[in-house]
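Ligands are counted one by one from 1 in listed order, and the atoms in each one are counted from 1 as well. Since this is a predicted model, take the numbers as computed values, not measurements. The first residue in the sequence is number 1, and the count goes up from there.
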Amino acid sequence: MRAFNSWYEDAGVRVGPRRKPGDDLGKKFFPDHLIPHLGHPLVQALPDELRRYLSAQYLYQWLNFTAEFEIAVVVRATQQIADGRSGVSLERELRRDAMRICVDEQYHALHSVDVVDQVENSAGIPSLPYDFAPFLAHLDGIGESYPGHRKLVQLLQVVVFETLITSLIEDVPKDTEVMTVVRDTVRDHAEDERRHHAYFALFFKELWAQLDRSERETVSRLLPDVIIRSLQPATRSARAALGVAGFSPARTDQIIAESFDRQSVMAGITIASAKTVALLERCGVLDVPGARERFQNAGFTTVR
Ligand SMILES: [Fe+2]
Ligand SMILES: [Fe+2]
């Protein structure tokens, strides 16, 4: 597809430099406003050093999450598309583009852990252990009620994730208070993801066109949950970091509950998935009988 015409000249893995920490390590690890618990009054009252520790851990968990997600979720489904095993028939060039995406995502995973390693060394703040398994189990849990559609669920996960626009991707590169290595890392990643976004919008159109009526009904039932579970903020790492910062388990629970309350989490999900939902609308997903109501009931207040 057109978005991939210049892949050999533009892709991060082909032409991007290795990002290394510079001499601005005194700057922020991550924008404060993107770390929900950092705005909590109990956390605001902490000494600067501990707040810095919490932001470093937030950056690490985001990078570690990215590294795992790319391989376990994005490559898992995209390789099937590349190999012609996805159940969606595609012309050869589109399968080759899927292969290029797999290469991009492997590189994003490496890029992410490479930055964790280097920032750990330069800043002298070690990363807490990261466990991706609970997130993946939760995300894949959607397929459990639809065992015959496991592959379809995996394709939907990747379509949703690759068409989301999170405030993180938008805000971090512009934030001059954040250290350059972090801004460059997010910007590099976002540049590749623009191509992926175009690809998965097209892929979903093909997928949808090839489904029969009962499969369309299933997809329209699955999607609200796929979107919510893909975007639900993981709080385990934040919990662990708050513990190290000295909060008791009860205080930690309180901070997490108050910083990640249902209403603001759902508001964030609605904003981040606006482009995805618009794609679904264009393809006719919301015209399946009952689909609009299912999205509304799930909390997508912008769906009318
Ligand atoms: Fe990626
Ligand atoms: Fe991607």
Task: Residue Glu193, metal the Fe ion (ligand 2), N/O/S under 2.8 Å - done: yes
TODO: Of all N, O or S atoms in Glu105, identify the one at the shortest distance from the Fe ion (ligand 1).
DONE: OE1
Task: Atom name of the N, O or S atom in His108 that lies nearest to the Fe ion (ligand 1) - done: ND1
TODO: Look at His197 and state whether any of its N, O or S atoms is less than 2.8 Å from the Fe ion (ligand 2).
DONE: no
TODO: Using only N, O or S atoms, tell me which atom of Glu70 is closest to the Fe ion (ligand 1).
DONE: OE2
TODO: Return yes when at least one N/O/S atom of Asp192 is nearer than 2.8 Å to the Fe ion (ligand 2), and no when none is.
DONE: no
Task: Heteroatom of Glu162 nearest to the Fe ion (ligand 2) (N, O or S, atom name) - done: OE1
Task: Exam field: side chain Gln57 to backbone Pro126, donor-acceptor pair closer than 3.5 Å - done: yes
Open item on the list: the Fe ion (ligand 1) and His196: any N/O/S contact shorter than 2.8 Å?
Closed with: no
Open item on the list: Quick one: does any side-chain atom of Ser122 pair with a main-chain N or O of Val119 as donor and acceptor, under 3.5 Å?
Closed with: no
- [ ] May I ask you to check if any N/O/S atom from Asp104 comes under 2.8 Å of the Fe ion (ligand 2)?
- [x] no
- [ ] Return yes if a side-chain donor-acceptor contact under 3.5 Å exists between His33 and Asp171, otherwise no.
- [x] yes
